[in-house]
Structures are given as structure tokens and as C-alpha cells.
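Hydrogens, waters and symmetry mates are skipped; everything else that's a heavy atom, side chains included, is used.
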Amino acid sequence: MKPGLCCISLTLKEQGYSFQTMTYKRFSSLPREEALEILGDRILNNLVVTNKTIEFCHENNWVYRVSSDLFPLITYDEANVSLEDLPNHDEIQDEFDNIEQTIKNTNVRVSAHPSEYNSLASLSDKVVEKTITELNFYSSFFDRIGLPADYRSPMNFHIHNNNGTREEITQRFYSNFKKLDENCQKRIVIENDDKLNCWSVKELVDIFHPITNIPITFDYLHHKCHPNGLTECEAINMCYDTWQTKPLFHYSESREGNNPRAHADYAYNPIENYGLEFDCDFEIKAKCHAIKKYQELYPLFGYCLPPTMAAN
DNA sequence: ACCAGTCAAGGAAGC
DNA sequence: GCTTCCTTGACTGGT
């Protein structure tokens, strides 16, 4: 089992590697030529930071979840920008090549978690259309940097819609899912929710999965908030069985205070894997510092038996 | 140099 | 049918 870093390495940030963004408000307030130059510089910066962070994960033997905001405005309709429009398009292509090479050299498992505003089951055609554009774009980015079109590089998100019965929502989701690019479909996985009226592991595995055959991501904290009658052991096993390859699950702990869904700065409790083999993203505020601290607390965490010993 | 406010998204909840 | 809240990190603009 490998721990996973989510998007940002605070260690690299302290060294000056941080992500940049650009709002539409700002973009549209500038002359287009100037706006495109700034946007291109920021996207290139984000790719350099991503490459650096993948190397950082390799040094630590972690998996990596890319930021969901690497390409501000690129799928934003009103801005009407594509990568080809950016004056530094060639440099961006070179950086794609660099990332591809880094992944080839290091074999770091790379995943994505598109934002909660993506909703494939939405009743709004416009929202669905935007979601498809966004998911397809990220999948094409994954293609471009040489990632496999399967669940080794999963793109995880939530159903994030409650309009209708569970079956109706699933059908709506699935008919829109079928409109995604083929490679994108092959990477999509769905995670259990933490809110009581949203999708629990039980509902995802009993209702959603049989119709879609899409793997279910187990999130420890969400399950704790919304167990819907299943123990952690039952739920994680049910999710595990929906994956055709080594799963990528999520771990977090509650921040102190009155909102149990808020994520803590550091993780202190042992992660029970119930004898299952999977990777696990640390959704913990202190990011790489939290993973390192956790690995100091639990030196055997992530320790994998060599194949010869595991076979015995 | 610093800090408070702004931005972007979809959906739920409360008037 | 409005507004507000949720969430996040970086940008923006004023001091």
C-alpha cells in the first residue's frame, strides 16, 4: 500500500513551487493578447510544478493526485481559449513531454479528482455538457502524458445529485457517462458521500455499480459520517470487490470542532486495511508533512512483502 | 510586506 | 425565486 499526496506538496511550496490560477473576471478585463500571455505562463508554471511534485512523490514512494485546476479557463466556455491559442503553446507541449518522461522513469501512480461541480447526473443539459467537456479534457491530458486508460490512473468524483430515485439518478448518470470519450470512461470511478441523504457505500454497491460496472472508491471519513448500516470492514470489502485493479481509496480524519466532515491537519489513528491491498490518498491538510508524520508514527504503514514472501 | 476581500463552480437550504 | 452557504487556494487591490 502506498500513501497518496493530494495536489500540493508544502515542502515544494516552501521552495517556491506553487500553483497559479486566473479568474475569468481578470482574464476578460485585460486585452486578449496580454491575457493569453499571462494565462499561458501560469499554465506552464502549473505543469512544471506538477512534474516536480511527481518526482517528489517518487522520492517518497507515494502516489499522486494531480490538481484539478492545472488549466484555468481552458474548459470555460465564455473564455473561449484552447491550449493552441496560448503564445507559449510549444513550451507547454515540451512540459507535457517532460511529465510523460518523469512518469515513465518513476512509474508513479497518477490520479485525478475533478471538482465537486462536475455533475453527470444533473437535470441541467448545460451542466452535463460542461461536465463532459471538463472530464474529457482531463482524460486527454492523461492520454497526453502517457497514463494508462484504465483504473491504474483513476479519475474519481461524486454523483453529486439527489433528484429522483437512486435508480433514476443512476440511469441519468449512465446515459451521460456513455457520451464521454472512450478513454475517459475507462478511468472514471465514483466515491461514497459523507452527507446522510447522499450516496452511501451500500447504495453505490447495491444500486449504482450493478448498472454501470464502475468501481467504487472507499473514503474512510465519508463512511464514518454516513455508514448506512455497514461496518468499515464490510464497506471497504464491498468497494474493493468493484475494482478490477489495485484500488485507490481515500483516508482522512475529522478536524476538532463541530463539523465532523472537515478534514484535520494531521492523521493520528492507524489505518485498518483489513488485509486488502490498495493505495490510499491522504486527504489531510498538512499534505506531505502529514504523510511523513504518519509514516513516523506507523513505520510499517505501506510496507509490502516481497512477492516471494507474500506468496507463502 | 501584508491583509482582507474576491473569485469560481452546482446544489441544498432557508426565506 | 431569490440569497446564502459550502469549499479551496491563489489572486487582487488597498493600506
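- Enclosure of atom CD in A:Glu14 by more than 12 non-hydrogen atoms of other residues, nucleotides or ligands within 6.0 angstrom is indicated.
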Contact list (N/O, under 3.5 angstrom) for nucleotides 2-7 of chain B vs protein:
| unit_1 | atom_1 | unit_2 | atom_2 | d |
| --- | --- | --- | --- | --- |
| B:dC7 | OP1 | A:Lys25 | NZ | 2.4 |

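- Contacts of A:Asn51 classified as side-chain contact (heavy atoms from CB on, under 4.5 Å), with partners at least two apart in sequence or in another chain: A:Glu55, A:Glu95, A:Asn98, A:Ile99, A:Thr102.
- Using a cutoff of 4.0 Å between basic side-chain nitrogens and carboxylate oxygens, A:Glu168 and A:Arg172 are not scored as salt-bridged.
- B:dA9 atom P lies 18 Å from atom CD1 of A:Ile132, rounded to whole Å.
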Can you check nucleotides 8-10 of chain C for protein contacts, nitrogen or oxygen pairs under 3.5 Å, and list what you find?
| unit_1 | atom_1 | unit_2 | atom_2 | d |
| --- | --- | --- | --- | --- |
| C:dT8 | OP1 | A:Lys285 | NZ | 2.9 |
| C:dT8 | OP2 | A:Lys285 | NZ | 3.2 |
| C:dA10 | OP2 | A:Lys13 | NZ | 2.8 |

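- Distance CG (A:Leu135) to P (B:dA9): 16 Å, rounded to an integer number of Å.
- Between A:Glu129 atom CD and B:dA9 atom P there is a gap of 15 Å when expressed in whole angstrom units.
- Using a 4.0 Å heavy-atom criterion, one finds that A:Arg261 contacts no nucleic acid atom at all.
- Between A:Phe141 and A:Phe137, the ring centre distance reaches or exceeds 6.0 Å.
- Note: CG (A:Asp77) to P (B:dA9) measures 11 Å, nearest angstrom.
- Screening residues 197-211 of chain A for salt bridge (Lys or Arg N to Asp or Glu O under 4.0 Å), with sequence neighbours left out, gives A:Arg166-A:Glu203, A:Lys202-A:Asp206.
- Direction of the helix axis in the helix from B:dA1-C:dT15 to B:dC15-C:dG1 shifts by 60° between the two five-pair termini, rounded to 10°.
- When the C1' atom of C:dT12 is taken as reference, atom CZ of A:Phe27 falls 17 Å away, rounded to whole Å.
- Heavy atoms of A:Lys195 sit nowhere under 4.0 angstrom from any nucleic acid atom.
- For the pair A:Arg26 and C:dT12, the criterion of a side-chain N or O lying under 4.0 Å from OP1 or OP2 is met.
- Pairs engaging residues 78-91 of chain A under the salt bridge (Lys or Arg N to Asp or Glu O under 4.0 Å) rule: none recorded [sequence neighbours left out].
- For A:Tyr117, no side-chain nitrogen or oxygen approaches OP1 or OP2 of C:dC6 to under 4.0 Å.
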Polar atom pairs between nucleotides 11-14 of chain B and protein, under 3.5 Å, N or O only, would you list them?
| unit_1 | atom_1 | unit_2 | atom_2 | d |
| --- | --- | --- | --- | --- |
| B:dG11 | OP1 | A:Ser119 | OG | 3.0 |
| B:dG11 | OP1 | A:Ser122 | OG | 3.2 |
| B:dG11 | OP1 | A:Asn161 | ND2 | 3.4 |
| B:dA12 | OP1 | A:Asn162 | N | 3.3 |

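- In this structure, A:Glu283 atom CD and C:dT7 atom P are separated by 14 Å, rounded to whole Å.
- Among residue pairs with one or both ends in residues 109-133 of chain A, those qualifying as salt bridge (Lys or Arg N to Asp or Glu O under 4.0 Å) are A:Arg109-A:Asp279; sequence neighbours excluded.
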Extract all donor-acceptor atom pairs below 3.5 Å that involve side chains of residues 64-76 of chain A and protein atoms in other chains or at least two apart in sequence.
| unit_1 | atom_1 | unit_2 | atom_2 | d |
| --- | --- | --- | --- | --- |
| A:Tyr64 | OH | A:Cys7 | O | 2.6 |
| A:Arg65 | NE | A:Asp281 | OD2 | 3.2 |
| A:Arg65 | NH1 | A:Glu283 | OE2 | 3.3 |
| A:Arg65 | NH2 | A:His250 | NE2 | 3.3 |
| A:Arg65 | NH2 | A:Asp281 | OD2 | 3.2 |
| A:Arg65 | NH2 | A:Glu283 | OE2 | 3.0 |
| A:Ser67 | OG | A:Asp69 | N | 3.0 |
| A:Asp69 | OD2 | A:Thr21 | OG1 | 3.2 |
| A:Thr75 | OG1 | A:Glu134 | OE1 | 2.5 |

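- Here B:dG10 presents its P atom at 9 Å from CG of A:Asn118, a figure rounded to the nearest Å.
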Which pairs would a plain distance check flag for residues 210-217 of chain A, meaning a side-chain donor or acceptor within less than 3.5 Å of a matching protein atom at least two apart in sequence or in another chain?
| unit_1 | atom_1 | unit_2 | atom_2 | d |
| --- | --- | --- | --- | --- |
| A:Thr212 | OG1 | A:Phe208 | O | 2.9 |
| A:Thr212 | OG1 | A:Ile214 | N | 3.2 |
| A:Thr217 | OG1 | A:Asn156 | OD1 | 2.8 |

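- In terms of the ring pair (Phe, Tyr, Trp, His ring centres under 6.0 Å) criterion, A:Tyr117 has no residue partners (sequence neighbours excluded).
- More than 12 heavy atoms of other shown residues, nucleotides or ligands fall within 6.0 angstrom of atom CD in A:Gln244.
- When ring centroids are compared, A:Phe218 and A:Tyr220 come within the 6.0 Å threshold.
- Every ring pair (Phe, Tyr, Trp, His ring centres under 6.0 Å) that A:Phe177 has, sequence neighbours left out, goes to A:Tyr174.
- Rounding to whole angstrom units, NZ of residue A:Lys126 and C1' of B:dA9 are separated by 11 Å.
- Taken to the nearest 0.5 Å, the CG atom of A:Leu147 stands 4.0 Å off from the CD1 atom of A:Ile103.
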